[in-house]
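Lettering of chains follows the sequences in order, A, B, ..., and the numbering in each one begins at 1. The structure presented is a predicted model; accordingly, all values stated were derived computationally and were not measured. Because only heavy atoms are used, hydrogens play no part in the values below, and waters and symmetry mates are left out as well, while side chains stay in.
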2 protein chains.
Amino acid sequence: MSKQEGTQQLPGYLEVTNAVNSHTEEQKKFQLFFQKANVPATQLCPVRDIMARLSDKWSMLVILALGGFGTMRFNELKHKIGDVSQRMLTVTLRNLENDGLLTRTIYPEIPPRVEYALTPLGHSFKEQIAGFANWATAHTEEIYRKRFSDS
Amino acid sequence: MSKQEGTQQLPGYLEVTNAVNSHTEEQKKFQLFFQKANVPATQLCPVRDIMARLSDKWSMLVILALGGFGTMRFNELKHKIGDVSQRMLTVTLRNLENDGLLTRTIYPEIPPRVEYALTPLGHSFKEQIAGFANWATAHTEEIYRKRFSDS
DNA sequence: CAGCATCCTCAGGGATACTG
DNA sequence: CAGTATCCCTGAGGATGCTG
């Protein structure tokens, strides 16, 4: 609020947006993250992009399933994840494959057999989800209590 | 593939789904996560639920912005996050407030002033995003190379 | 078995206009 | 300033049927 060095005449209503001279190192870190994540949406943005991939309902389940039970076939996955449509499972698996998070191995037999397994990249991603799942379960009660106590 | 102790006659095409006797502790952990995350979608599920919250485009940006720049007013946020519609910013802020991730303070002045700030819960959530953003930036090249080298 | 193709629905989210 | 209220449109995603 008070005047700071390096801050020129402020236009009045517009605030210190040029303040790269942040308070703490902590904050600086997040300013950087913010900048990385805050792109015009026309270009590709790793953070938003990869976030979106992981974030989606089915990707997470697939990664956790393969992480917990190892290599699985298409229908095994489908049965494990009860309420996924076959279409979405296919789409999800293709995306994860394209990003190198899992491998798709086809055995030319009859009937056909296709096995899915996490790559090293997939395993490291799995750990991120674990961190997240831990946070979520740890704070579930706190969040839900707040959420459902509102008018 | 070879026979394991504790494994009864397999029905042939159906595989060892009853194998709660997992190989490693590592795997057990993820089997648990999977079970927690894999709910019929009719009930509420902390993991999916909170995942969805973080996952969405604007929540992440808002958290990062407030984390990096501290308390902000509505239009400050709006200008920081270039391409968010005013509607979605409102919705996002309300959701985050309802979950206790940020506070909304109204100053009864004219013109009105409303300030948003992270709660302790919000700050801890911010750290999760940081972990994620770190992972994403660290593996961006690897992922993009794979993704764009495909047919 | 492991999918692809098609159709169809509905909710996320943008644009615009109005208000305390 | 900080929203609310409407309208509208796109695309995520389910259901169904067909194939190598």
### Query
When you look at A:D49 and B:Y144, which way does the side chain to side chain donor-acceptor pair (under 3.5 Å) test go after all the steps?
CA-CA 10 Å; A:D49 201 40; B:Y144 277 180; 3.0 Å; yes

### Query
Are the charged groups of B:E76 and B:K78 less than 4.0 angstrom apart, N to O?
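A salt bridge is absent here (no side-chain N lies under 4.0 Å from a carboxylate O).
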
### Task
Using a strict 4.0 Å threshold on nitrogen-to-oxygen distance, state whether A:E26 and A:K28 make a salt bridge.
no

Rounding to an integer number of Å, can you tell me how far [X] [atom1] sits from [N] [atom2]?
{"X": "B:N75", "N": "D:dG3", "atom1": "CG", "atom2": "P", "answer": "9 Å"}
{"X": "A:I106", "N": "C:dC1", "atom1": "CD1", "atom2": "P", "answer": "17 Å"}
{"X": "B:D83", "N": "C:dG12", "atom1": "CG", "atom2": "P", "answer": "19 Å"}
{"X": "B:E115", "N": "D:dA2", "atom1": "CD", "atom2": "P", "answer": "9 Å"}
{"X": "B:K57", "N": "D:dA12", "atom1": "NZ", "atom2": "P", "answer": "11 Å"}
{"X": "A:M72", "N": "C:dC1", "atom1": "CE", "atom2": "C1'", "answer": "15 Å"}
{"X": "B:L89", "N": "D:dA2", "atom1": "CG", "atom2": "C1'", "answer": "10 Å"}
{"X": "B:D56", "N": "D:dG11", "atom1": "CG", "atom2": "C1'", "answer": "16 Å"}

### First of A:W58 and B:R73 reached from the 5' end of DNA chain D, by closest nucleotide
B:R73

### Message
If the cut-off is 4.0 Å, is B:Y116 near the phosphate of D:dC1, judged by side-chain N/O to OP1 or OP2?
### Response
no

### Summary
From the candidates D:dG14, D:dC1, C:dG13, the one with an atom nearest any side-chain atom of B:M88 is C:dG13

#### Entry: Residue pair A:F132, B:F33: steps toward the side-chain contact (heavy atoms from CB on, under 4.5 Å) verdict
CA-CA 10 Å; A:F132 219 77; B:F33 282 145; over 6 Å; no

### Task
Answer whether the closest heavy-atom distance between the side chains of A:M60 and B:V47 falls below 4.5 Å.
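Yes; the side chains approach each other to less than 4.5 Å.
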
### Query
So, do B:T105 and B:T71 sit near enough that their side-chain heavy atoms are less than 4.5 Å apart?
no

Under 3.5 Å, which protein N or O atoms sit close to an N or O of nucleotides 4-8 of chain D? Give each pair with its distance.
residue, atom, partner, partner atom, Å
D:dT4, OP1, B:R94, NH2, 3.1
D:dT4, O4, B:Q86, OE1, 3.0
D:dT4, O4, B:Q86, NE2, 3.0

### Message
Test of understanding: clusters of I, L, V, M, F, W, Y form through side-chain heavy atoms closer than 4.5 Å, transitively. Do B:Y107 and B:M72 belong to the same one?
### Response
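Different clusters.
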
### Message
Distance to the ring centre below 6.0 angstrom and angle to the axis at most 45 degrees; does that hold for B:R104 and B:Y116?
### Response
no

Every protein N/O lying under 3.5 Å from an N/O of nucleotides 18-20 of chain D:
none

### Query
What distance do B:T140 atom OG1 and B:W135 atom CH2 have between them, rounded to the nearest 0.5 Å?
8.5 Å

